[in-house]
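Report on one structure; see the data block that follows.
Here is the naming used below: chain letters follow the sequence lines, and residue numbers restart at 1 for every chain.
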Amino acid sequence: MTFDLFDSLPQDAPHAEPLAPGAVVLRGFAREHEQSLLDAVRDIAAQAPWRHLITPGGQRMSVAMTNCGQLGWVSDARGYRYEPADPESGKPWPAMPAGFLSLARAAAATAGFEDFRPDACLLNRYTPGTRLSLHQDRDELDLRAPIVSVSLGLPAVFLFGGLSRAERPLRVRLAHGDVVVWGGPARLAFHGIAPLADGDHALAGRERINLTFRKTR
DNA sequence: CAGTCGCA
DNA sequence: TGTG
């Protein structure tokens, strides 16, 4: 990886807001697809219902999760891993909608990561009070590929830290339609979501939906 | 044995 | 709220 997003980005992506080398917020990037994205989320949740996973330490996560794509992220007493089927039903995860794939690819390319081919999409549902404490996405085998994260519904404060837990994270407000991409030198950055403030979104109601695209292998 | 997507 |  020899590129630097601080140098390579802003000209062709006017709404790009660099967070760190290898990390950028694309403001409103997903907005034109808001309705079809939310429709697809409903459809996925009808096949693989939202559920609260248990951490290896035995704690119930406040975020409700489901997945689509070839593989889905799961957590239980045995640890974190990617599974080809929903452990609740034994059925394969719902297919990744074509629109999800093209949006994730376009966002990655805009951020300087060409040819992103995610094989997993984790869907997170936040309601007021829900949080996700600082963590790294390190269960993927292919760390060359970036993470692409799409925000829908209520706004949230995104915590974006460094490669060590001790570095104080930036606090960035993410609104409906914003997309964050991080990879390269930022691929293993610690990140999280502060407790969600109450509110009411015209399309999503009292919820924030986050789509996180990953290439796991 | 390392790490801890949560907690004290 | 930062750190183990």
Side-chain angles (χ1 to χ4, degrees), chain A residues 19-20 22-23 25 41 44-45 48-88 93 96 100 104 118-143 145-174 178-183 185-198 207-217:
Chain A
L19 292 180
V25 183
V41 169
I44 288 161
W50 296 109
R51 81 287 309 265
H52 294 272
L53 300 179
I54 302 300
T55 67
Q59 309 299 319
R60 172 192 190 268
M61 294 179 70
S62 64
V63 182
M65 298 178 163
T66 186
N67 292 279
C68 69
Q70 295 174 242
L71 294 157
W73 187 84
V74 296
S75 173
D76 61 19
R78 291 160 35 214
Y80 310 138
R81 64 197 174 276
Y82 284 94
E83 291 277 8
D86 180 350
E88 293 292 311
W93 297 105
M96 178 118 47
F100 277 25
D119 56 14
C121 175
L122 173 62
L123 291 78
N124 293 146
R125 185 187 65 185
Y126 297 76
T127 52
T130 298
R131 76 186 91 180
L132 189 57
S133 60
L134 215 56
H135 67 278
Q136 295 172 299
D137 289 1
R138 52 182 303 157
D139 303 318
E140 301 74 28
L141 297 176
D142 185 355
L143 295 178
I147 300 288
V148 173
S149 172
V150 177
S151 293
L152 297 168
L154 290 178
V157 175
F158 182 52
L159 310 173
F160 193 81
L163 301 182
S164 111
R165 196 168 215 140
E167 291 179 52
R168 181 221 276 264
L170 298 172
R171 299 173 67 90
V172 186
R173 182 187 147 102
L174 295 182
D178 291 347
V179 178
V180 187
V181 181
W182 66 97
R187 176 60 182 75
L188 291 176
F190 279 87
H191 60 281
I193 291 286
L196 197 77
D198 201 357
E207 287 183 354
R208 170 177 188 263
I209 303 290
N210 177 68
L211 313 176
T212 310
F213 296 90
R214 301 107 187 272
K215 176 166 170 51
T216 68
R217 48 177 189 181

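Considering only residues two or more places apart in sequence or on other chains, A:R138 meets the side chain to side chain contact (heavy atoms under 4.5 Å, CB included) condition with A:Q136, A:L188. Residues meeting the ring-ring contact (aromatic ring centres under 6.0 Å, His included) test with A:Y126, sequence neighbours left out: none. For A:E207, there are no salt bridge (Lys or Arg N to Asp or Glu O under 4.0 Å) partners, not counting sequence neighbours. Residues passing the salt bridge (Lys or Arg N to Asp or Glu O under 4.0 Å) test with A:R173, sequence neighbours excluded: none. Remark: A:T127 engages A:T130 in a side chain to side chain donor-acceptor pair (under 3.5 Å) (not counting sequence neighbours).
Across the strands present, B:dA2 finds no partner; the criterion is a Watson-Crick or G-U wobble pair with both atom distances under 3.5 angstrom.
The CG atom of A:L188 sits 15 Å away from the C1' atom of B:dA2 (whole-angstrom rounding). Atom-to-atom, CZ of A:R78 to C1' of B:dA2 comes out at 19 Å; the value is rounded to the nearest Å. Nucleotide C:dG4 holds its P atom 20 Å from the NE2 atom of A:H135, rounded to whole Å. In this structure, A:F190 places its CZ atom 12 Å from P of C:dG4, rounding to the nearest Å. Atom CG in A:D139 sits roughly 9 Å away from atom P in B:dT4 (whole-Å rounding). In this structure, CG of A:L134 is placed 14 Å from C1' of C:dG4, rounded to the nearest angstrom.
A:A120 approaches A:T216 most closely through the heavy-atom pair CB-CG2, 3.8 Å.
At the heavy-atom level, A:N124 lies nowhere under 4.0 Å from the strands shown. Note on A:S133: a base of the nucleic acid sits closer than 4.0 angstrom, heavy atoms only.
If you check residues 208-217 of chain A against DNA chain B, you find no residue with a heavy atom closer than 4.0 Å. Of the residues in residues 154-170 of chain A, A:R165 come within less than 4.0 Å of DNA chain B through at least one heavy atom, sorted by number.
Distances shorter than 4.0 Å separate none of the side-chain N or O atoms of A:Q59 from OP1 or OP2 on B:dT4.
Residue pairs meeting the side chain to side chain donor-acceptor pair (under 3.5 Å) criterion with at least one member in residues 146-166 of chain A, sequence neighbours excluded, are A:S149-A:N210, A:S151-A:R208. Listed by first then second residue, pairs satisfying side chain to side chain donor-acceptor pair (under 3.5 Å) with a partner in residues 60-77 of chain A read A:H52-A:R60, A:W73-A:D139, A:D76-A:R81, not counting sequence neighbours. Listed by first then second residue, pairs satisfying salt bridge (Lys or Arg N to Asp or Glu O under 4.0 Å) with a partner in residues 123-136 of chain A number zero, not counting sequence neighbours.
Distance alone, capped at 3.5 Å, places no donor-acceptor pair between the A:H135 side chain and the A:G192 backbone.
A side-chain donor from one of A:R214 and A:Y82 sits under 3.5 Å from a side-chain acceptor of the other.
With the 3.5 Å cutoff on both pairing distances, Watson-Crick and G-U pairs in DNA chain C never assemble into a run of at least 3.
Comparing the P positions of B:dG6 and B:dA2 gives a spacing of 23 Å, expressed to the nearest Å.
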